[in-house]
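Just below is one structure, and these are the notes that go with it.
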Amino acid sequence: MRYSNAFIPTLREEPQDAENISHKLLVRGGFIKQLSSGIFIFLPVGWKVISKIYRIIKEEMDRIGAQELFMPSLTPSQIWKESGRWEEYGDDMLRVKDRKNREYALSPTHEEIITEIARKHIHSYKDLPQIWYQVQTKFRDELRPRGGLLRVREFLMKDSYSLDESWEGLDRSYELHKQAYIRIFKRCGLKFVHLRASSGLMGGSLSEEFAIISDAGEDEVAICENCGYSANLEVAISKVPNYAISKYDEFKKVYTPDKTTVEELAEFLKIGKEHIIKSLVYYVNNKPYLVLIRGDYEVNEEKLRKIIGNFQYATDEDILSLGSYPGFIGPHNLNIEIISDESIKHMDDGIIGANEKDYHYIGYKINFDRYYDIRKVKEKDLCPECGKEISIKRAIEIGHIFKLGTRYSISMGAYFQDKDGSLKPIIMGSYGIGLGRIMSGAIEIYNDENGIIWPISIAPFEAVIIDILGNNFASEIYEKLRNEVDILLDDRKDISAGVKFNDADLIGIPFKIIVGKKFNEGKIEVQRRDKTAVYEVNINQAVDTIKKIILDERRKFEI
RNA sequence: CGGGGUGUAGCGCAGUGGUAGCGCGCUUGGCUUGGGACCAAGAGGUCCCGGGUUCAAGUCCCGGCACCCCGACCA
C-alpha cells in the first residue's frame, strides 16, 4: 500500500470521550470510529488487524477439524422460546419486529441455531462428532458499553460448537478447543492466563476463561503466584485466614445507637470488622433467607445464587415484618432459614444485630449445622490449593469455553440414535473468542508514549518504508518487497519526516525502513518499533536483508 | 435505573445577556525535509434539539436528546 493512496485518518489529539489506552490509540491511529454508544466502525487499518486475527483463528480451528459455516444474525423468536432463553436473556437481547409483526432477536450467541441444524440433520452416532464454527457479529444490548472495543453492543466473535455422542467425546472436543485457543492467543502474541469461570446464562457444567491481565479489564480474577491457581472472582475459592480470636467471654446486649453498618459498629466498639457477623436478608419466591458472613467479607452473589436460586433483596419493610429492625438484624431468636458462610465457622464468637433498634449482641457463640462458601475472595486470602496468599487482579476476557452438556439438545429436541438403537441427546460444547477484545487487549499490553507496538502477526502492516528523500529507491525496494511482505510505503509529499515517523509509531508498525540521510553513504536504516534494535543495511542488500528480518520476526509467533 | 459530567468549525477547546473565537487540521502560494517545521493568504458554524424570559440568548429558565465516567445490571 502506498500511503498517498491510503485512508488512515490519524489524530494528533486524544479523543475526548476515550478513557483507556487502547480506546485512545485505536481512535488516534485511525483504526476505529464510533457510530453510536457501543457501536463501532472498523476503518481500513482496523479491519486489516481484525482480518489477521481472523486468519489465525481460522487456521487453528481448521487444524482441529472444525468446519466453518455462517449463521444469520436475525433469528426468529420461536427457537429462543423453545430453549427458554427468550425470557431468560432479558433486556440484553435486542429484539425487533418485522412488517408482519413477527418477533426476532439479533442473536447474542448461536446455540439455538446450531441446535436447530443438529436436530434437523444429525440422526445417528455415525454423524458425530462435529465441530462447527463461524466468525459473526453478535448483539448484546449492554446497559453501559465502555472502554472502546472492550465492552460493546455489537461485536465480532468467533463462536464454535461441538456435538458429541458421549461425555468422553465432549471432553475431547473441549480439550481440542483449549489447545487451539492456547495456540491462537500465542500466535497473536498475547500474554494471557486461563481461569476457572462461571458458565452463567450459558448453562452447563464446566467453563474456563482466557484472559489478559490488565487494569482496563472488567473481570476480577484471583491468582496465586505460587502454584498458578487462577479463577474468575465469581467462582474463586479460598481458605480464610483464621485470625478472629474471641474478645468477649460473655453473651450480652450492648447499646449501639445508629450503628447500622459494619464499619460504624467496628469503629464504635473499637474492634476489627472480622469480629462482626454481617447478616443479610434475601428472598426467593417470598421465602426469606438470612445470610451470615464475617464482617470483613462481601457476599459473592453468583455463589449464593447457586445455593438458594434467583433472589431479590429485602426491603426495610420486609425486615420489620420479620420482627427485626433494619441495620440491626441478626440470627439470635429470629425464625428464618440461615445460610452461613464458612468464614464464620472459625470464629469463637461474634457480634450480631439484636433485632431491635440501636442494640447488638456481643459474644454470640457460633454453632450452625452447615456452612457454605458464599464469600467473595479477597486480597491476601489463602490459596485453596497451596495455602499461599492470593492476589486479585483485573482482566480482559478474550475467550471462554463451556461444556454445555444437554441443556439445548434436550430442551430443543436434538437426539441421535446410538449403536444400541436408543435415542440420546447430543452432548454439546460452546466456545467463544472476542476478536475486538484481542485487538484492544494487545494494545493494552503493548504500547508506549508514541503509540501502539503490534506483534507482527496482527500488525496492520509488517513494515513501513519512510521515504524522506523522495528519490526512486524507496519505491524500488517497495516494489520488490510487496509480494512477500505486508508493507506500507510512506510516499507522502510535502510532509515533514517527523510526521511520517510519528504516524508510523502511532499506528504501531513493527519495522520502519528509513531511506534518508544515510543513503549517501550507501545505507538505509531499519528500526524496530519496540526500540530494542536499529540495523544499518547496505542498499544493494536491502531487499534480502529486510526480508530476512521480517521472516525472523514472523517466526517468533509461529508455534 | 441511581449519581456525576459534557455537548460551540473535521479534532481539541475558550467564550462576562450585546459583532462567533483560539490551537491543530484543511485549501492555495512560498520555503523546508531524520521525530507532529516556518511565512503568507483563504475556506469552514443548525453554538445538540424544542419551547420560554428579554429590545437582545452560545450565555438565563423549562423540557427533551446524545455521548462519557462511577455504580447497579449483564457474561
Side-chain angles (χ1 to χ4, degrees), chain A residues 9-20 23-24 27-30 33-40 85 88-94 108-109 138-148 150-153 155 157 159 195 197-204 207-209 211 216-220 232-235 301-302 305 310 312-313 395-402 430 432 434 437 449-451 466-471 474 490-507 512-521 523-525 527 529 531 534 536:
Chain A
T10 56
L11 261 32
R12 188 187 303 208
E13 311 224 28
E14 288 186 347
Q16 175 267 137
D17 57 359
E19 190 75 4
N20 59 43
H23 190 185
K24 287 175 185 170
V27 173
R28 282 192 57 211
K33 156 140 184 56
Q34 183 165 334
L35 221 210
S36 177
S37 176
I39 300 177
F40 286 86
R85 287 210 287 186
E88 273 176 44
Y89 231 109
D91 289 337
D92 260 25
M93 185 143 88
L94 196 54
T109 171
K138 299 282 188 279
F139 299 85
R140 291 183 194 169
D141 196 4
E142 298 287 346
L143 237 34
R144 188 155 95 75
R146 63 191 93 175
L150 289 177
R151 188 174 197 76
V152 287
R153 295 193 296 168
F155 59 100
M157 175 163 142
D159 46 325
L195 309 164
S198 160
S199 48
L201 250 191
M202 306 296 283
S207 95
E208 287 171 273
E209 200 173 297
E218 294 190 283
D219 281 16
E220 286 188 300
N232 193 300
L233 215 56
E234 290 167 353
V235 297
E301 297 186 339
E302 185 80 16
R305 200 169 283 132
N310 265 324
Q312 283 96 47
Y313 301 106
I396 301 164
E397 177 185 351
I398 51 175
H400 207 151
I401 54 181
F402 298 87
S430 97
R437 282 192 177 171
E449 66 282 1
N450 296 321
I466 295 184
D467 184 9
I468 291 167
L469 305 178
N471 61 20
D490 196 343
D491 57 345
R492 288 176 295 176
K493 308 286 180 207
D494 300 324
I495 278 195
S496 75
V499 173
K500 294 186 179 184
F501 280 106
N502 282 316
D503 276 339
D505 288 349
L506 174 60
I507 297 164
K512 292 189 287 289
I513 298 158
I514 302 144
V515 181
K517 63 187 177 190
K518 300 244 169 63
F519 187 76
N520 289 333
E521 303 162 27
K523 290 193 165 91
I524 57 168
E525 196 171 295
Q527 290 182 8
R529 173 63 182 89
K531 296 181 174 167
V534 177
E536 282 190 5

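The figures here come from the full heavy-atom set of this structure, side chains too, leaving out hydrogens, waters and symmetry mates. Predicted model, so just to flag it, every value in this text is computed and none were measured. In the text below, chain A, chain B and the rest are named by the order of the sequence lines, each starting its count at 1.
- In this structure a side-chain-to-backbone donor-acceptor pair under 3.5 Å is missing from A/S430 to A/F402.
- For B/G34, the OP1/OP2 oxygens have no side-chain nitrogen or oxygen of A/S496 closer than 4.0 Å.
- For B/G23, the base has a donor-acceptor partner in the side chain of A/E13 [N/O atoms by modelled type, under 3.5 angstrom].
- Separating the C1' atom of B/C13 from that of B/G25 is a span of 14 Å, rounded to the nearest Å.
- The backbone N or O of A/H23 sits less than 3.5 Å from a side-chain atom of A/N20, completing a donor-acceptor pair.
- Computed from coordinates, the A/Q527 CD to B/G35 P distance equals 11 Å when rounded to whole Å.
- B/G71: Watson-Crick or G-U partner is B/C1, with both key distances under 3.5 Å.
- Summarising the geometry, the separation between CZ on A/F139 and C1' on B/A75 is reported as 18 Å, rounded to the nearest angstrom.
- Distance noted for atom C1' between B/U27 and B/A43: 7 Å (whole Å).
- Separating the CD atom of A/E302 from the C1' atom of B/C73 is a distance of 13 Å, rounded to the nearest angstrom.
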Show your working on salt bridge (Lys or Arg N to Asp or Glu O under 4.0 Å) between A/K531 and A/E449 and close with a plain yes or no.
CA-CA 12 Å; A/K531 296 181 174 167; A/E449 66 282 1; 3.1 Å; yes

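- With a cut-off of 3.5 Å on both Watson-Crick or G-U wobble distances, the partner of B/C55 is given as B/G18.
- The shortest distance between side-chain heavy atoms of A/T109 and A/R140 falls below 4.5 Å.
- The nearest whole Å value for the distance from the CD1 atom in A/I468 to the P atom in B/A37 is 13 Å.
- Side-chain atoms of A/L143 lie closest to B/C73 of the nucleotides B/U33, B/C67, B/C73.
- Side-chain N or O atoms of A/K138 include none that pairs as donor or acceptor with a backbone N or O of A/G434 at under 3.5 Å.
- The pair A/E521-A/K518 fails the salt-bridge criterion, with no side-chain N (NZ, NE, NH1 or NH2) lying under 4.0 Å from an Asp/Glu carboxylate O.
- Across all strands, A/R28 comes closer than 4.0 Å to base atoms (heavy-atom distances).
- The side chain of A/D219 has B/A75 as its nearest neighbour among B/G36, B/A75, B/A72.
- A/K138 comes within contact range of no nucleotide atom at all, as no heavy-atom separation falls under 4.0 Å.
- Nucleotides B/C26 and B/G36 are separated by 16 Å at their C1' atoms, to the nearest Å.
- Taking the P atom of each, B/C49 and B/C65 are spaced 15 Å apart, rounded to whole Å.
- Across all strands, A/D92 comes closer than 4.0 Å only to sugar-phosphate atoms, never to a base (heavy-atom distances).
- Nucleotides B/G15 and B/C47, compared at atom C1', are 11 Å apart to the nearest Å.
- Judged by closest nucleotide on RNA chain B, A/P15 is the one of A/P15 and A/D494 placed further toward the 5' end.
- Note on A/R144: every side-chain N or O is 4.0 Å or more away from OP1 and OP2 of B/C73.
- Within 4.0 Å (heavy atoms only), A/L469 reaches no atom of the nucleic acid at all.
- Between B/G58 and B/G51, the distance separating the two P atoms is 14 Å to the nearest Å.
- Taking atom CZ of residue A/R85 and atom C1' of nucleotide B/C74, one finds them 13 Å apart after rounding to whole Å.
- Rounded to whole angstrom, the span from the CG atom of A/D17 across to the C1' atom of B/C11 amounts to 11 Å.
- Here the separation of B/G45 from B/U8, taken at their C1' atoms, is 8 Å to the nearest Å.
- Spacing between B/G35 and B/G30 at atom P, rounded to whole Å, works out to 25 Å.
- A donor-acceptor contact under 3.5 angstrom links the side-chain atoms of A/D503 to the base of B/G36.
- In this structure, A/I466 reaches neither bases nor backbone, as no heavy-atom distance under 4.0 Å exists between it and the strands shown.
- For the pair A/R140 CZ and B/C73 C1', the computed distance is 15 Å after rounding to whole Å.
- With both pairing distances under 3.5 Å, B/C24 is matched to B/G10 as a Watson-Crick or G-U wobble pair.
- Contact annotation for A/G147: backbone-only contact, meaning every heavy-atom pair under 4.0 Å involves sugar-phosphate atoms and none involves a base.
- Contact annotation: A/Q34 reaches the phosphate of B/C68 (side-chain N/O to OP1 or OP2, under 4.0 Å).
- As judged by a 4.0 angstrom heavy-atom cut-off over every strand, A/E142 is placed among the base-contacting residues.
- OP1 or OP2 of B/C69 has not a single side-chain nitrogen or oxygen of A/R146 nearer than 4.0 Å.
- The base of B/A75 does not come close enough to the side chain of A/E218 for any donor and acceptor atom to sit less than 3.5 Å apart.
- Each of A/P145 and A/E397 was matched to the nucleotide of RNA chain B holding its nearest heavy atom; the match closer to the 5' end belongs to A/P145.
- We find that NZ of A/K517 is positioned 19 Å from P of B/U32, with the value rounded to whole Å.
- For CG of A/N471, the number of neighbouring non-hydrogen atoms (other residues, nucleotides, ligands) closer than 6.0 Å is greater than 12.
- For the OP1/OP2 pair of B/C67 and a distance below 4.0 Å, the side-chain nitrogens and oxygens of A/S36 include at least one atom meeting the criterion.
- When heavy atoms are screened at a 4.0 angstrom cut-off, A/E209 is found touching no nucleic acid atom at all.
- A/Q34 places a side-chain N or O within donor-acceptor distance of the main-chain N or O of A/S36, the cut-off being under 3.5 Å.
- When heavy atoms are screened at a 4.0 angstrom cut-off, A/E14 is found touching the sugar-phosphate backbone but no base atom.
- Using a 4.0 Å heavy-atom distance criterion, A/K518 is classed as a base contact.
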Before you tell me yes or no, could you show the steps for A/R85 and A/E88 under salt bridge (Lys or Arg N to Asp or Glu O under 4.0 Å), namely the whole-Å CA-CA distance, both residues' side-chain angles and the distance that decides it to 0.1 Å?
CA-CA 4 Å; A/R85 287 210 287 186; A/E88 273 176 44; 5.9 Å; no

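- Comparing B/C24, B/G34, B/C68 by their closest approach to the side chain of A/R12 singles out B/C24.
- Distance from the side chain of A/I514 is smallest to B/G34 among B/G36, B/G34, B/C67.
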